[in-house]
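Quick notes on the structure that follows.
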Amino acid sequence: DPCSPKRPHSPCEKSGPLNVTKITEHGKKVRKNWTSSWTLLQGSQLSFAKNQAASSSWFGSHLSKPEFSVDLRGATVEKASKDKSSRKHVLEVKTRRGTELLIQSDSESIINEWFKALTEAINMNAWE
Ligand code: I3P
């Protein structure tokens, strides 16, 4: 499995700073709370931690626990429609468990990279 989380530098691992907010939790609408988060994609797991420093080392060394994480198995990702946010470059992730997230970057190229990585992770059928 080339995308196993056990492989430290697998092509399916990606991390970086993004702005994130939940919009739905367990199928219920929640109030937006945009937060700058260190975002880590590992296998089918997408996790977010408070963005203390623009470095992966503290996260990678488990100095900070993720604030929350979602399972991407059975999830969808799409470019968010304009009615979802007034912000630019927003992706909408919907999980099988009824959590909806918006993730956003001021950089279009960064959000395009994340869109590609999340799409690949979701399409990977290796998460048994
Ligand atoms: C929300 C806040 C969000 C905004 C949201 C507002 O107000 O301004 O930043 O989302 O718009 O409701 P509050 O702080 O009072 O909760 P965007 O930045 O994504 O536009 P929305 O209700 O149209 O989603």
Side-chain angles (χ1 to χ4, degrees):
D1 172 8
C3 293
S4 168
K6 285 167 194 156
R7 290 199 173 195
H9 301 292
S10 75
C12 296
E13 180 172 295
K14 182 172 176 58
S15 61
L18 287 173
N19 301 313
V20 60
T21 181
K22 284 184 189 173
I23 54 170
T24 306
E25 210 166 6
H26 308 300
K28 267 190 79 177
K29 196 168 184 269
V30 294
R31 189 173 178 176
K32 272 185 183 167
N33 179 26
W34 283 107
T35 309
S36 177
S37 295
W38 189 262
T39 306
L40 177 67
L41 172 63
Q42 260 181 328
S44 67
Q45 185 175 294
L46 181 65
S47 27
F48 303 91
K50 282 241 170 79
N51 195 10
Q52 294 166 358
S55 155
S56 64
S57 56
W58 60 271
F59 199 168
S61 61
H62 307 286
L63 291 175
S64 176
K65 279 192 177 174
E67 293 255 291
F68 73 98
S69 63
V70 295
D71 182 356
L72 293 177
R73 286 175 292 189
T76 61
V77 61
E78 60 187 295
K79 303 208 171 175
S81 58
K82 288 233 166 74
D83 60 309
K84 295 285 176 176
S85 177
S86 61
R87 297 185 176 210
K88 282 185 177 166
H89 321 310
V90 183
L91 301 180
E92 183 178 17
V93 176
K94 296 184 190 182
T95 73
R96 205 171 40 180
R97 291 186 156 192
T99 298
E100 293 179 14
L101 308 172
L102 299 181
I103 65 175
Q104 187 263 342
S105 169
D106 291 335
S107 159
E108 185 177 14
S109 59
I110 286 175
I111 221 63
N112 285 340
E113 281 174 24
W114 277 97
F115 182 61
K116 189 165 173 264
L118 291 168
T119 303
E120 283 171 6
I122 287 168
N123 290 341
M124 198 64 62
N125 284 316
W127 320 122
E128 268 96 51

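In each ligand, atom 1 is the first atom listed, and ligand 1 is the first ligand listed.
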Task: Atom indices of ligand 1, in the order listed, that fall short of 4.0 Å to a heavy atom of Arg87 - done: 18 (O)
Task: Minimum-distance protein heavy atom relative to atom 7 (O) of ligand 1 - done: Arg31 NH2, 5.0 Å
Task: Leu91 and its side-chain contact (heavy atoms from CB on, under 4.5 Å) partner, picked from Lys79, Lys84, Glu78 - done: Lys79
- [ ] Could you tell me whether a side-chain N or O of Thr35 sits under 3.5 Å from a main-chain N or O of Asn33, the two making a donor and an acceptor?
- [x] yes
Open item on the list: When you measure from the side chain of Ser37 to the backbone of Thr39, do you find a donor-acceptor pair of N or O atoms at a distance under 3.5 Å?
Closed with: no
TODO: Starting from atom 22 (O) of ligand 1, locate the nearest protein heavy atom and write down its residue, its atom name and how far away it is, to 0.1 Å.
DONE: Lys32 NZ, 4.9 Å
- [ ] First locate atom NZ of Lys88, then atom CG of Asp106, and finally report the distance between them rounded to the nearest 0.5 Å.
- [x] 9.5 Å
Task: Nearest-contact summary for atom 9 (O) of ligand 1 - protein heavy atom, Å - done: Trp34 CD1, 3.6 Å
TODO: Taking all non-hydrogen atoms of both residues into account, name the closest pair between Leu40 and Glu13 and its distance.
DONE: CD1-CG, 4.3 Å
TODO: Please report the shortest heavy-atom distance between Leu101 and Val70, naming the atom on each side.
DONE: CD1-CG2, 4.0 Å
Task: Minimum-distance protein heavy atom relative to atom 19 (O) of ligand 1 - done: Ser85 OG, 2.5 Å
Open item on the list: I'd like to check atom 12 (O) of ligand 1 in this structure: does the protein have a heavy atom lying under 4.0 Å from it?
Closed with: no
Open item on the list: Students should be able to answer this: which protein heavy-atom is nearest to atom 20 (O) of ligand 1, and at what distance?
Closed with: Ser86 OG, 2.6 Å
